[in-house]
Undergrad: 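Following this message is one structure expressed as structure tokens.
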Amino acid sequence: MGMTAELHSRRKVLTTGAAVAGAAAGAVVLTACGSDSTPSGSTAAPPAAAPGETLTALSDIQVGQAKAAKTADGKDVIVTRTAEGTAAAFSAICTHQGCAVVPEGAELKCPCHNSIFDAATGAVKKGPADQPLPSIAVKVTNGQVVTA
């Protein structure tokens, strides 16, 4: 009887150990699905850009459309021509998991998880993102969209 009890005890230790190891491995795999970017539900700071930094020529964007651009230090931004002589700009980094959004007409789409943002306002039109894209202050000067 001592031998049988000992086998059951070892079997229980082995199966319990395997279950704990499997759960730990699962946690590592789930963690790998995330990113080092700002998590969902928090607001990301827009890319810092020095005032007066040119992002793009206004004439390069049709009214109601958007264009991807970069700040002087290489940060991804989106510039939208909201009217004939005005523009808006936003961080191009999706507030869900940190992928770069892509302009498609009057929308900005995240290729990673299919969030959709309004190109004119940065507002979320379709999740999983639940926070708008952070805006960047811009103005039009001499036909150029520049940071304000």
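In this text, all values refer to a predicted model and were calculated from it rather than measured experimentally.
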Undergrad: How far apart are the closest heavy atoms of Gly122 and Phe117, and which atoms are they?
TA: O-CD2, 3.5 Å

Undergrad: Which heavy atom of Pro132 sits nearest to which heavy atom of Ala123, and what is that distance?
TA: CB-CA, 4.0 Å

Undergrad: For the CG atom of Leu55 and the CG atom of Asp60, what is their distance to the nearest 0.5 Å?
TA: 12.0 Å

Undergrad: Nearest 0.5 Å please: distance from the CD atom of Gln62 over to the NZ atom of Lys67.
TA: 12.0 Å

Undergrad: Could you tell me whether the SG atom of Cys110 lies less than 2.5 angstrom from the SG atom of Cys99?
TA: no

Undergrad: Donor-acceptor pair, Ser91 side chain versus Leu133 backbone, under 3.5 Å?
TA: no

Undergrad: Checking the side chain of Asn142 only, and the main-chain atoms of Gln144 only, is there a donor and an acceptor separated by less than 3.5 Å?
TA: no

Undergrad: Are more than 12 heavy atoms from other residues, nucleotides or ligands located less than 6.0 Å from atom NZ of Lys139?
TA: no

Undergrad: How long is the straight-line distance from OG1 of Thr71 back to CD1 of Ile136, given to the nearest 0.5 Å?
TA: 7.5 Å

Undergrad: Among Val145, Ile61, Thr56, exactly one meets side chain to side chain contact (heavy atoms under 4.5 Å, CB included) together with Arg81. Which residue is that?
TA: Ile61

Undergrad: Which heavy-atom pair separates Val101 from Cys94 by the least distance, and what is that distance?
TA: CG1-CB, 4.0 Å

Undergrad: Can you check whether Asn114's main-chain N or O pairs, donor with acceptor, with Lys126's side chain at less than 3.5 Å?
TA: yes

Undergrad: Do any N or O atoms from the side chain of Thr80 and from the backbone of Ala119 form a donor-acceptor pair under 3.5 angstrom?
TA: yes

Undergrad: Between NZ of Lys109 and CD1 of Ile116, what distance do you get to the nearest 0.5 Å?
TA: 5.0 Å

Undergrad: Give, for atom CZ of Phe90 and atom CG of Asp118, the distance between the pair rounded to the nearest 0.5 Å.
TA: 7.5 Å

Undergrad: Honestly curious: do Val138 and Val140 fall in one hydrophobic cluster under the side-chain, below-4.5 Å linking rule?
TA: yes

Undergrad: Looking at Ala100 and Ile93, what are the two nearest heavy atoms and their distance?
TA: CA-CD1, 4.5 Å

Undergrad: In Å, rounded to the nearest 0.5 Å, how long is the span from OG of Ser115 to NE2 of His96?
TA: 6.0 Å

Undergrad: Apply side-chain contact (heavy atoms from CB on, under 4.5 Å) to residues Glu84 and Val63 and explain how you reach the verdict.
TA: CA-CA 6 Å; Glu84 192 58 40; Val63 173; 3.8 Å; yes

Undergrad: Check whether Leu58 and Val146 end up in the same hydrophobic cluster, where Ile, Leu, Val, Met, Phe, Trp and Tyr are linked by side-chain heavy atoms less than 4.5 Å apart.
TA: no

Undergrad: Considering all heavy atoms of both residues, which atom of His113 and which atom of Pro128 are nearest to each other, and what is their separation?
TA: O-CD, 3.2 Å

Undergrad: Shortest non-hydrogen contact from Lys70 to Val77?
TA: N-CG2, 4.1 Å

